[in-house]
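Naming convention: chains lettered A, B, ... in sequence-line order (proteins, then strands); numbering from 1 in each chain.
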2 protein chains.
Amino acid sequence: MNANRSSQYVAPHSGAQNNYIQRLKEAGYKITPARLAVLQVIENQLGHLNPAQVLQAAKALNPQIGRATVYRALELFTVLGLIRPISCGDGAPLYIRAEGGHHHLVCNSCNAIIDFDECVAEPLMQQLAERKGFQVQSHLLEIYGLCAACR
Amino acid sequence: MNANRSSQYVAPHSGAQNNYIQRLKEAGYKITPARLAVLQVIENQLGHLNPAQVLQAAKALNPQIGRATVYRALELFTVLGLIRPISCGDGAPLYIRAEGGHHHLVCNSCNAIIDFDECVAEPLMQQLAERKGFQVQSHLLEIYGLCAACR
DNA sequence: CTGATTGCAAAAATTTTGCAAGCCT
DNA sequence: AGGCTTGCAAAATTTTTGCAATCAG
């Protein structure tokens, strides 16, 4: 499995991280070094990683963290709606932050995932969902095709 | 794992199936009973299933099919762009037809997946993708939140 | 015929669990 | 102090592989 796809490094941005911690506390969970490490990995680095990548990165922050703990944290955060597993070229799970929307261009050839910020569908989406009696919390828009380099 | 979510049965609709077969042939692969079974499962039934579900359903059509064959077929079809793995509540892989677009409302509470047909973003999507030099082939729009029943 | 494909069973890889020790509150 | 969490290692699951037999073209 490709362990480090992107090296784009986003600055810590502690605001959102504290928000996560806040939500953990509010839900009655303890703030532990292990959870903070996983949270920090998800928060700071990249856009999407699989459990193995999270474990590796978390170990850099907290060397004695175990894989089981990472899985448990990932599951907890998913249940709390902090993160979300998404698809990827192969069947391996990939986690992203759940907040707001995510918009990716996924290359069917080189499997690259290109993020883009502009949300092209927010209003329409909102309207449609409400018509179905659905309360929208976040969304994921993935567009598959060929990236400029692979055409 | 919930093995049979939907029992909605769509009539064979041989046109599209033949199209799949066509594409298999064109790519130089043999048309075998095992592949036909998997193809038929994906074609006819439901909207999304995991490998175990595909295996189970394929066995109904072809009792002696083995799991390895299902995995191999799933991988082949994915590479050929016939199907695509998507996310789901837990990390388990779920396959859908790759053609065109898919639009789901995913309930964060009961994990139900509600399909909807109207594509709310096609034009915007197209435009955006082209601006990035990306050639669009298909897309997946998942909206997460709470379904009417869970609110 | 001939080589791609299959099914089985074993091997790998990934996830989950059981539990005593440790840490957060 | 009390109970949620952790880390380890073992168990369970899921996915991949090796290979001889079989099948499609």
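Taking atom CG on B:Leu36 and atom P on D:dC23, their separation rounds to 15 Å, with Å as the unit. With rounding to whole Å, A:Tyr95 atom OH is found 14 Å from C:dT14 atom P. For B:Arg72 and C:dG7, the CZ to P distance is 8 Å, given to the nearest whole Å. Going from atom CD of B:Gln56 over to atom P of D:dT13 covers 16 Å, rounded to whole Å. In this entry the distance linking OH of A:Tyr71 with C1' of D:dT14 reads 11 Å, nearest Å. The interatomic distance linking B:Gln64 (CD) with D:dC23 (P) rounds to 9 Å, in whole Å. Taking atom CD of B:Glu75 as the reference point, atom P of D:dT14 lies 19 Å away to the nearest angstrom. Protein atom CD of A:Gln53 is 17 Å distant from nucleotide atom P of C:dA13, rounded to whole Å.
Between B:Arg35 and C:dT5 there is a side-chain N or O to OP1 or OP2 distance below 4.0 Å. The side chain of B:Thr32 contributes an N or O atom lying less than 4.0 Å from OP1 or OP2 of C:dT6.
Nearest heavy atoms, B:Ala98 versus B:Gly81: CB-O, 3.2 Å.
Aromatic pair A:His103/A:His139: ring centres closer than 6.0 Å.
Contact annotation for A:Ala68: base contact, defined as any heavy-atom pair under 4.0 Å involving a base atom. Base engagement by B:Thr69 is indicated by at least one non-hydrogen atom pair under 4.0 Å involving a base atom.
Position along DNA chain D of the nearest nucleotide to A:Pro33 versus B:Lys25 favours A:Pro33 as the more 5'-ward residue.
If you check D:dT15, C:dT25, C:dG7 against the side chain of B:Pro51, the one that comes closest is D:dT15. Closest approach to the A:Tyr29 side chain among D:dT5, C:dT15, D:dG7 is made by D:dT5 (side chain taken as heavy atoms from C-beta onward).
The SG atom of A:Cys147 sits 13.0 Å away from the NZ atom of B:Lys132 when rounded to the nearest 0.5 Å. The CZ atom of B:Arg67 sits 5.5 Å away from atom NZ of B:Lys59, with the distance rounded to the nearest 0.5 Å.
Both the sub-6.0 Å distance and the 45° axial angle are satisfied by B:Arg84 relative to the ring of A:Tyr144.
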